[in-house]
Structures are given as structure tokens and as C-alpha cells.
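We name chains A, B, ... by the order of the sequence lines, and we start the count at 1 in each one.
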Amino acid sequence: MASSVEAKRSKLESKGGECKCHGKLPDDRFAKLHDIIEEHKDERGSLIPVLHEAQQLFGCLPEDVQKQVAKGLDVPESEVYGVATFYSLFSLKPKGRWIVNVCLGTACYVKGAADCLEALKKELGVDLGGTSKDGLFTLQGVRCVGACALAPVVVIDDTVYAKVKPEDIKRILAEHVEANAKEAHAS
Amino acid sequence: MSPFIRAHILVCSGAGCVSSGCYEVYDSLMHALEDQGVLNEVKVIKTGCIGSCDLGPTVLIYPNGTFYQKVTPEDAREIVEEHIVKGRPVERLYPKRATGEMVKNISSLDFFKKQVKVVLRNCGVIDPENIHEYVARDGYEALAVALTDMTPKDVIDTIKQSGLRGRGGAGFPTGLKWEFAQRVNAEEKYVVCNADEGDPGAFMDRSVLEGDPHSIIEAMTIAGYAIGASQGYVYARAEYPLAVSRLTHAIKEAHEFGVLGENLFGSGFSFDLDIRVGAGAFVCGEETALLASMEGKRGMPRPRPPFPANEGLFKKPTLINNVETYANIAPIILKGPDWFRSIGTEKSPGTKVFALAGKINNTGLVEVPMGTTLREIVYEIGGGIPDGKAFKAAQTGGPSGGCIPESLLDISMEYDTLTKAGAMMGSGGLICMDEDTCMVDIAKFFLQFTQDESCGKCVPCREGTKVMLDILTRITEGKGQPGDIETLESLAKTIKNTALCGLGQTAPNPVLSSIRYFRDEYEAHIDEKRCPGGVCKDLIRYEIDSTKCRGCSLCAKACPVQAIHPVASEAEVAKAAGGESGQKPKRKTYEIDNSECQKCGECMSVCRFDAVSRR
């Protein structure tokens, strides 16, 4: 069972885990970014909504994206960088294929979220904010997802895992890989 | 659809139940109804949060008010086949009391008995994505009354007389805030709704936005009319995508119905609403930081005055209220200030929604009149502490608040008494803690939070909380020194007095209140290097009682770092010493090497003979 998961994992890895752009991003995304900027250009306070959409497009906010946003919205690059680094949802570095969010709100903490976080760190071999070597999972802490009755909560992309125990972590990650491998296979 | 609907099935679609899989239950219900050919006689509605999140997914069936808990898609099919078609309730899905007694009806569930729903009046009752249902519950009537029968001054006077206080935390009188914004002469003003519910463990604003979004649209429009603004913004957390999508849908519907937009109710008054989504920064719940964020800047607070009422969003006069505050507006306009004052206490009229979570049996959203005691909330509504453990404290107000110990269980839950007790109403997060919780660790947790979320603008908050956190970390690692408590207290006082914004000024509260009520725990950590709650890993030891150990070796096999070793039994020791050899040899026992032990507790959980203890 475990080995089949491993196999699927490595398969996924070779498929899409690693970045193949070699630092160069394809141009059509920049054209799309241009449209996004044009759409919001005349709104007041549009920097954050534009960065949200840019991040959705690129997965993160690399330097050339920030530069284009700065130019397009006519704000200093320093300000774009300042905003991009201030908010925890913006990231300058690319993230893994799936985002693992451990809720670190009070209710989850009281119910043992810290132990779940430790188990995740160990299992993925990364610290908070890090991405596993295979490029599949990025580990993040989140303040509170507001599902306190289900504490402790771990969210992988949109899937919520409720009342998680540290010993469940291995199974949850494996299940997630397997479920998505199936999906990838089906499509 | 047939004009005759004989049953309504409400499927709770609050965030908690969505996470528990209520959409699958909904689909299964629909399929089963179709298979049974009764789809046109039964109406299935996805509602907002019913409140009892730990029982989710929950299904409520009217006309009887039958309440089913933890429903799976298979159960849903059974509910249709048995309850709907044959009229036989599925008893095994009833919620049970601690005594094992089944509760058939939602109104007899202890969790709901003491609740008075004003803010949550529509949550769990109506379909939040259908404006007709909101209108059927007197929705937009308050707006019509305000626009056609009242002057802006009348509206403000009504709110002032009601005594409504801001539900965002500090409890500033709402009517006064509206009056300040109204008095300023300006062509452009804004109405803002603070839906940046950052307090970890509070989710009432989320539930209102998800379960009753029109109540916020209506209230903000009334506020716009009262202060003379024609544009409103809701600033919502990015972590709440469902709330954002339901509110977006509601705004669209309100436009289509003509209750939002130009010339509302023929009064000549126009109002529009937009949503701004945050990007993950706790400090943006502070009003000046929130405004900065809406302007597209780093969410950093600025000194007040000028207050937002004079100089707010884009330097224009701005009224900012919290979601829960707005949710009170329409009922006050419709039923009058005297009605509102009849609920709650003299100084804190109305109700308060608490998000009950942590070590408590019934978790979820609870709306009670102000002045309800903590004991009533924890024991009568919350059903007490699980596993027969003792209640230790409840944390209110999140990282800005404090803890309330067992000795104060009879405290009246209202703004002023809580502040006096060193806690704070805050947004209404209420986290219960039992005897296994370490209060020093909790204080450290909150300080880690504020330290992490400090925007870095002012020194007391940026540096002060860092130093406090260092000291707390030291204490929990067993390196506490005499005088640490006093240093913490003096730092806390300085930060409270000198920090720029609410985040910094309240950051020391969890530390101060835990020192106030649990000083002995701090002393145990510092003087005896002992953690009474058994939480701080550097201060706990696991030991095996050799008289109970049967030598089964389960613990040694479970230990991830091989810190458990067999030791010679008494008989072998005796043999080695040349004693009697005829004695029946005893089994080996095991011992934990505490220098290698990682304190994971695995040995304790696998031992079948209760031989492993934690000190």
C-alpha cells in the first residue's frame, strides 16, 4: 500500500512537481496580467486586488510580475514589494502543487494543533513555509479557518480534514496524493 | 412545483458543516426525493449556520422541528425513505444528552434553550442565496421604514437610544459613532463593514455573512442614509471564500430587486456596495490599518485623531462598524429601541454571539442576552467539559483578551465586567480550557501570535512583545529566573501605555490576566521547573511504574527514539548477588531514559497496564 503511494508520488513528481520554466515565464501570462491591470487601473486602491489576481495567474509574485504591476498601476516598485511582503497570503516564491494549511487558531491549538504541525514538519521534512523536496506540498500555518468545532483542522487546498491527530498525518497525505493521482489519471 | 409543500428539509450549510460534508448530504437528499417521487412535495433548503457545529452535518425537518445530527449521504437516503415517505423518524440520528436520552426536537436541545436570536435570527432558517426568503422574514422592511418615514437624525436617535455598542470588541456606542460621521460636512462619505474577523476562534461574523448576507447590506444602506454616504465597502478576510461568494451573490440580488442602487424606495437616496478582500494580516482588523489596506497599502495603523469619522477612507469621512453590529440594526429600527433595551443589561443592551470552542462538549455559535453568566454558557449551553475533566479557564477576546478562571464562573458576560476582570469581550471568541491546559503555554501562544502579526511600526509592540515572548519561551523551557514574572508585568504595563494601536495596547492582556489568576503556574515553571498542566515538553518526565509494568515491551517497540530499555528484574538481581536460586524468575520490567526521551507520550498511549505516568 505504502509503496504504491510512493510510486504514484514519484510519478506525479516527474509529471508536474518541478518547475520547467527555467526562470523564464511564458509570455501569454504577462499579456493576461496586462489585461488584469487595465481592468483595475482606474479603481482606487486596486493594488491588492491586482496582486491577488496576479498570484492566481502565476502561483506567486516573482520580481518581473511585481515590476509590471508597478509600471501598469503607476506606483513605485518599492511599494508593490512592500505590499507583497506585508500580507501573509502573498508569496514571492513558487509553492508546491498542494498547499497544506494547519490551522493555528486558539481552538485548534488547545486541541493539539501544535502536535499535528510537528508531525507534518517531520513527514514532509520542511519547516513552516517550506515546500517538500518532491515539490508536492507546501506547509503553511493559517490563523483560523473558522471551523473551530472541528478542531484541530488541517486543510489541503480545499479539502478540510477535521479532528486530526498526529498519527493521522501520514494517512491524510497519502490519501490526498492517491485521490489526486486518480483524478489526474481519469482526466 | 406543486403548490402544496408538506415538508421543509433544512440542510445546514455553514462553514463547519460544509467541511463535514453537508453538500454530499444535500445531493443525496435530492436524489432520494426524486427516486421516491416526492421531490415536488418537499422543499430542501441550504441554510446558513444553525449553530451546533460539532454535530454537523445537521439536517432539520419542519413542520416537526426534528433535528438529525452527523448525517451521512446514506443516512440522508434513509431519512427520505423513512421519515419523509413513511412518517417514521430515524431515531438513531437524534442528538443525545450526556445521559443517553434522545432529543427529538430542536427546541428541546439544551444547546438552544437559553439562546435569544437577534443577530442570528435568520442564520440556519433561510436560504442565504434567495432574497425572497430574507424578505419573507421582514427583510428590507427596516430600510423602507427608514427611507420613507424617518429622517437621518431619527435613525441616529433610534440607534443611540437603543444603547447598541460596537460588537467588534471595545464596545463604543454605535449611535454616537454614526452621529460623529453624520455631523461632518463633506460631499463624499463612506460606510465600511469590518469583516476582517481575525480573532482566532471567533467565527460569528463569518456565519452572519454566510447565513444572512442581506442583513448586512440592509444595515449598511440604512447607515449610508443616516450619515449621508452613497458608497459602502465590506472588507472581508481572504480566508472566508464562502462568505465572499454569498455576499457577492446577495449584492447582485439586491441590485436586481432595487433595494440597492439608485433612488431606493423612490426616496431619491442612492447607495452602492463593493467588497474588498484582505490578504492575510490580523492587524487589518484595526480600523486605521483596515482603511490603509483598502487603499491598497500595507495594513499599518496610524495615530488617531483624526478619527475615521473625520478622515477615513481616501481621506473622506468614514463610518466603520463590525458585522455583528450591523446585524443588530434592522431589528432595532423595526422593533424600536425599547425592545432592544429589554434584552441584556442596562449598560450592555442586546445580545452577544459567542463562538464556543476548545475543550467543551457542545461547540458552535451561541447567541445569548448580555449578562448571561459564563457558567450558564459553559455548562447549560455548552454541556460542560469533555471526559469528566475539570474546567480551568475560558479565554475571551482572543489575543487581545484574557482568561476567566473557575472562581469567576458566575461573572456576568458584558463589556464592563469583563474588562474589570482583566479579560475583554472582544469579538466573542470563547475558548474553554481544561485541567490539561498550561496557562503559561497559552500566554506564550497568544504572544507568538501578536508578535508574528505586529506590523512593526511602533517600538513597544515590535520589540516589547518580542522580549516578552523570549521570557515566556525561556520559562516554558525550564530556564525561568526569579524576577521574570515582575519583568513581564512591567513590560506589559509599558506596552499597554505606549503602543500605537489596539493590537499593541492589548497584546499583553493574555499574559497579565494569566499571571493574575494563575501566578502559581508561572511559579511552578520557574521555581520548581514543573509544568502542572503537563504540556511544556522540557518540563515533563515520563516514568514507568515497575510494580505495574508487566514487561510486555509494547512501549519499547512504540518508542520512536529507542529511549526505553529493559531492566533486570528483582529475581535476577538477587541471583547475581548469590541469593536463593529456587525463586520463580520474574519478568523483566522497562525503564525510560529521560535524556533520550522526546516526550511524545507514545509509551503512555500504548501501555495496557497504566504503568506509564507523566509528571
| Under a 4.5 Å heavy-atom cutoff, which of A:Ala147, A:Ala84, A:Ser88 has the most pairs with chain B? | A:Ser88
| task | Could you tell me which residues in residues 38-46 of chain A have at least one non-hydrogen atom under 4.5 Å from a non-hydrogen atom of chain B, sorted by residue number? | result | A:Glu43, A:Arg44, A:Gly45
| task | Please check if atom NZ in B:Lys599 has more than 12 non-hydrogen atoms from other residues, nucleotides or ligands closer than 6.0 Å. | result | yes
| Selection from B:Cys53, B:Gly398, B:Ala279 maximising heavy-atom pairs under 4.5 Å formed with chain A | B:Ala279
| Given a strict heavy-atom distance threshold of 4.5 Å, which part of B:Ser293 is in contact with chain A: side chain, backbone, both, or neither? | both
| Under 4.5 Å from a heavy atom of chain B, the part of A:Val142 involved | side chain
| Heavy-atom neighbours of A:Asp35 CG exceed 12 at 6.0 Å | yes
| field | Distance, nearest 0.5 Å, that separates OH of A:Tyr87 from SG of B:Cys284 | value | 4.0 Å
| Between atom NZ of A:Lys163 and atom OG of B:Ser20, what is the distance when rounded to the nearest 0.5 Å? | 8.0 Å
| field | Side chain / backbone / both / neither for B:Phe282 at chain A, heavy atoms under 4.5 Å | value | neither
| request: Assess whether side-chain contact (heavy atoms from CB on, under 4.5 Å) is satisfied between A:Arg143 and B:Asp452, documenting all intermediate values. | output: CA-CA 11 Å; A:Arg143 281 311 178 202; B:Asp452 219 37; 2.8 Å; yes
| query | Is B:Arg298 reaching over with its side chain to a backbone N or O of A:Val83, donor-acceptor style, under 3.5 angstrom? | reply | no
| field | Inter-residue atom distance B:Ile431.CD1 - A:Cys148.SG, 0.5 Å rounding | value | 6.0 Å
| query | Using non-hydrogen atoms and a limit below 4.5 Å, what part of residues 101-112 of chain A faces chain B? | reply | A:Leu104, A:Gly105, A:Thr106, A:Ala107, A:Tyr109, A:Val110, A:Lys111
| field | Options B:Lys359, B:Met433, B:Glu239, B:Glu602, ranked by heavy-atom pairs under 4.5 Å with chain A, top entry | value | B:Lys359
| field | Residues of residues 195-204 of chain B near chain A, each having a heavy atom less than 4.5 Å away | value | B:Pro200, B:Gly201, B:Phe203
| Per-residue contact mode, B:Asp434 against chain A (heavy atom under 4.5 angstrom) | neither
| field | Engaged part of A:Asp158 at the chain B interface, taking heavy atoms whose separation is under 4.5 Å | value | neither
| message | Checking the side chain of A:His52 only, and the main-chain atoms of B:Gly278 only, is there a donor and an acceptor separated by less than 3.5 Å? | response | yes
| A:Tyr81, OH: over 12 other non-hydrogen atoms inside 6.0 angstrom | no
| request: Go through A:Val80, A:Ile48, A:Leu47 and name the one with the most non-hydrogen pairs under 4.5 angstrom from chain B. | output: A:Ile48
| task | Identify, with sequence neighbours excluded, every residue that meets ring pair (Phe, Tyr, Trp, His ring centres under 6.0 Å) alongside B:Phe111. | result | none
| request: With a 4.5 angstrom heavy-atom cut-off, could you sort out which part of B:Val283 is near chain A: side chain, backbone, both or neither? | output: side chain
| message | Give me the atom names and distance for the closest heavy-atom approach of B:Gly16 to A:Leu150. | response | O-CD1, 3.5 Å
| CA sep, side-chain torsions, deciding dist, call: A:Glu79, B:Lys297, salt bridge (charged side-chain N to carboxylate O under 4.0 Å, His left out) | CA-CA 8 Å; A:Glu79 198 175 313; B:Lys297 300 181 194 142; over 6 Å; no
| A:Phe86 and B:Cys455: CA distance, side-chain angles, deciding distance, side-chain contact (heavy atoms from CB on, under 4.5 Å) verdict | CA-CA 8 Å; A:Phe86 183 84; B:Cys455 79; 3.9 Å; yes
